[in-house]
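What's counted below: heavy atoms across the whole structure, side chains too, no hydrogens, waters or symmetry copies. All chains are named by letter (A, B, ...) in the order of the sequence lines, taking the proteins before the strands, and each is independently numbered beginning at 1.
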Amino acid sequence: MRDRIWIVAGLAVFVALITAPFWRARRDVGDLAKLPVLTLPANQTQCVAPVAYMRASHMKLLMAWRYQVVREDERKYVAFNGKVYQKNLTETCLGCHNKEQFCDRCHAYAGVPSPYCWSCHNQPQAGASAVSAAALQPQAQPAPGARRSPDRLLSRMSGWPVSPVPRRAQ
Amino acid sequence: MSALYSLLAVLALVAAGLEGGRTGAGRDALTLIVPYAAFTIFLAGFCVRVLRWAWAPVPFHIPTTCGQQKSLPWIRQAKVDNPSSKWGVLARMAAEILLFRSLFRNNRARMAEKRLILGESKFLWLGALAFHWALLLILLRHLRLFIQPVPAWVNGLERLDGFLQIGAPQLYISDVILLAALAYLLYRRFRDPAVRYISLFTDYFALFLLLAIAVSGVLMRYFVRVDVLSVKQFALSLAAFRPVDLRALSPLFLAHLLLVCTLAAYLPFSKLMHMGGIFLSPTRNLANDSRRKRHINPWNYPVKKHTYAEWEEEFHDKLVAAGIPLEDEDAGKAHTD
Amino acid sequence: MFMFEKALEGSRRYWIWLFCVLAVIAVGFVFYMYQFNVGLGVTGMSRDVSWGLYIAQFTFFVGVAASAVMVVLPYYLHDYKAFGRITILGEFLAITAVIMCMLFIFVDLGQPARIFNMILHPTPWSLMFWDMISLGGYLLLNAVITLVTLTAEREEVAPPAWIKPIIILSIPWAVSIHTVTAFLYAGLPGRAFWLTAIMAPRFLAGAFCSGPALLILFCLILRKTTGFDAGQKAINALAVIVTYAMAINVFFILVEIFTTLYSRIPGDMAPLEYLYVGLDGNYHLVPWMWLSGLLAVFSLSLLLVPSWRGNRVLLPIACLAVFFSLWLDKGLGLIVGGFTPSPLDTITTYTPTLPEWSIVIGVWAIGALMITVFYKIALGVHEEIGEEEVHESVLVAGAAGR
Amino acid sequence: MKITRKDFLRLTGLSFLAAGTIEATHAIAGRSAAQESAPRKETPSQTVRWGMVVDLRKCRKDSGCDACIQACDSAHNIPQFSNPKHQVKWIWTQPYETVFPFIQNGYAEQTDAGIQVPLMCNHCADPPCVRVCPTQATWKRADGIVMMDWHRCIGCRYCMAACPYGSRSFNWLDPRPHIPHINPDFPTRTKGVVEKCNFCEERLAQGQRPACVDACPEKALVFGNLADPNSEPRQLLRERFAVQREPELGTGPSVYYLV
């Protein structure tokens, strides 16, 4: 009986904690649906893989490149559209993308702590040649060719091509 | 049988999540109606259950105790296991909630060499502790999707959890622990005939549901990647009550979402309410001071009494007339006889 | 974890001791975080002396771990009953020492976050891989053995039959952990000081005197603090083991010294000169190595005389001398000597720094914590069994005393 | 998805024990397992084996010269620590008598005494560092280069103990603040990993010679394919007396010195 006050208070605290994201969201309702403003490359329209794949799985590609370059001495990457790239974080990736305005902003938004890549890998001296700022809008449709992916179940689950990364990659 | 039915139920949920997003109406249902409905049911149901417990009468202190009660000064009291003060109760509840103290005492009886042996059985405690702590860590980590900007402590938790540099995205230790603990808890239900006998549909359903949630989450993180940006945008838009329809949300994510919503909506009606109930266990959250302090039932109404003496006085004359001995007058006589 | 509640009740003295140990661990942890953030540059190690106190301590405690075999073997293979009460103490000492070894390896890693690469990329041609297997296996064996035997003792039933082969397996396994650890060093070209076939035997001899010496000291401490009596017969037998092992250990060292000095190969002589007489004006370790040698001679002279060996005052002194002598020899000289002079004939002095010592002492404190808790559990189970058998009045008196 | 499944299997460790045992028996049988990175001797079929010949007579002419070291340091972001204990060296010099102690005889004219000999990783045919590395973070490539994977190194420093030439350095501290000018095209290292000369494999991949070879004003460093009898280093080795460092250890260094 005398404890009811404490129980109700505890319940109130619990409800407040659980609904905290809602209260926070009400406070800055204007900004929320906005995705981070990312500086996209000005001189390129196509990344080394479809955007949808890169957005979800760029880390897999980077790990595969890392393994192939360092351990297998394979440095050429033939992209899905036949273009050939150097497997090189600093020159190829950062040649187009700016770390602070691209990588870091997205990572901060998604709450992914900065990976340990940067404790060794450098940014190119000139910096990215990008100028156009654009909010990244989610793609309405998976990239073309998604349904042609060999692994149908996984493709269905993810909604886009599962792996343009060569199979031998680690 | 109940295990099979609950597995089928969970698989049906998974299938609904995977396939439900094909049509516009299905998407709306999965991304809009289900989350809000589930959250409402969870919140309202949780509050109702806790409040009903709060209004249940607990007139007396009835703690179960496991140690020496407070007694004579030279006898050492088990201050936590048998608390006599508010602080002792607090410590006891903390040990219960954070360390599962009661489960730590779990025993297993068996016959060996023609006698009953109460042996230790700590694996349930270990599995339960590992599961609950890993789940808490995972829930807190998910805050990165609901709060913008992401609080530093959430990032800190992620760093700690992903301390081991295994793969990219980095392996979370809590994911491994959660899956291992759930697998063990399920295995335990199947292995022990006694436990299997008392296991019901709901016991398996909760386990399979949690397992399905964990597996779908692990799949999304490590194997079938989803676009975290859209997921976060979707979560924030839900929180702001301005839901956006995102075609980029993958079927696997919808399945994960549906499973989580099911868990939330199911929780108030299930044994999973021990989440709130543990705080209200009267055998744990009261001090054992019944022998030192008089606990009066607070809602005792004044009972109308009619004592024998009053009755005798009322019928005094009739009793005398009938020759029945009176107590107050004859009492002395009887003694002297 | 198991029967852990025995460790949760104890006298005020017990809790004060635990608190002190925890405080030391906390200090060590703070220094480890410092090292983790800044790098191993906070230690005294260098490009030339690239292993130091951590690896040396690891090597020494592998020996302590392996020594459990010296009580397990007589008890299980030769049915030497006097060791019945202390086998569990030996096995707990092994568990503690192996965990300390793993911690010393962990704090020595430049990239501790990648430790699982050892398992993700198993490399059977690396001795480090086999060291991981042998240490991990030994830990597992001893954990299972102690758990099963102690549980059986507590439940007053005979241990299950399947534990016997596991106990027997743990005997060669104990030999393997120190052999593989010796092979870590002995298989390297260009490190003349380590390139010797007698390394593994010497390690084992050192292990079989330092470990039992520590066990004797623990038994004596337990007798003082808890009244637990290992039995004079057991302690005497352990002392004999220490004596023989120490004699063999000293013999092996002398054999090494002879081979090197008589052959007079400059590259082989240089590390010995550095350790025992100083090289090119570097006398850094000379006093410590001579102290180790003197302690060895001193302890041997005490141990070799039967009446002194049985003496309650002289025995612990001899054991301390054995332990400290080997600690200096293996826990300091062996590693630094292997690296000095460097392949390019330079001498870099190695002096452990304050953070390094603090981390090492922190790991010791973790060891002290573990051994306290383990022994508390073991003795708690003994006591519980004993209590049920004694007269009730004694029981009441015992409870009141506690 | 084969990749991730493989990773997953490795994580669970189910395949690990079985594979480990098989490989172990191979290793013990002396066949040293897996072709990819096991320590092994030069095979006859090898078509490329990179090697270096150092002409000490040419190098000696300009004993104050450190062009090769400078070139390497700036190409590979080598930190410059003032404390000698923390130094990182890929190519460095050491007095002749400490490098080749066996050549001293006490009576011959000490023509070479006191000169500085450039030293680097020998890229041995049978490298002890590769043999001891517990994670295959260092391994031998088909073209003879002893490579390092700084992503995988756990910093146990076993390779440093195993190398009989002192060719390996450890990052005792974060190197970045100690690099005078960062070359963005080559990664720096993180604290806690071992590193050493890589024969400029990143330049070889682009068809260039190692930085030190290009930088030497006297052309005292000659780089080429030791497996090709007509290569420049092979011609030099035919014509002149050459020594390796500590050949008696059986490591088979790929760096030769013309004395």
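The candidate with the highest count of non-hydrogen atom pairs below 4.5 Å against chain A, out of D:R189, D:H151, D:K191, is D:H151.
The two residues D:P184 and A:T90 have their closest heavy-atom pair at O-CG2, 3.5 Å. Scanning both residues, D:M147 and A:V70, for their nearest heavy atoms gives CE-O, 3.4 Å.
To the nearest 0.5 angstrom, D:W150 atom CH2 is 13.0 Å from A:R66 atom CZ. A distance of 10.5 Å separates NE2 in A:H121 from OG1 in D:T190, rounded to the nearest 0.5 Å. A:D73 contributes atom CG, which lies 8.0 Å from atom CD1 of D:I145 (distance to the nearest 0.5 angstrom).
In this structure, the side chains of D:N77 and A:N122 come closer than 4.5 Å at one or more pairs of heavy atoms.
For D:E232, the CD atom counts as loosely surrounded, since its 6.0 Å shell holds 12 or fewer non-hydrogen atoms of other residues, nucleotides or ligands.
At least one donor-acceptor pair closer than 3.5 Å links the side chain of D:T188 to the backbone N or O of A:C120.
Heavy-atom distances place the backbone of A:Q123, and not its side chain, under 4.5 Å from chain D. Looking at D:D174, neither its backbone nor its side chain comes within 4.5 Å of chain A, counting heavy atoms on both sides.
A salt bridge is defined here as a Lys NZ or Arg NE, NH1 or NH2 lying under 4.0 Å from an Asp or Glu carboxylate O, and D:E201 with A:R71 fails to meet this definition.
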Query raised in the report: Checking side chain to side chain contact (heavy atoms under 4.5 Å, CB included) for the pair A:Y67/D:R152: CA distance, chi angles, key distance, verdict?
Result: CA-CA 10 Å; A:Y67 187 86; D:R152 193 182 280 186; 3.9 Å; yes
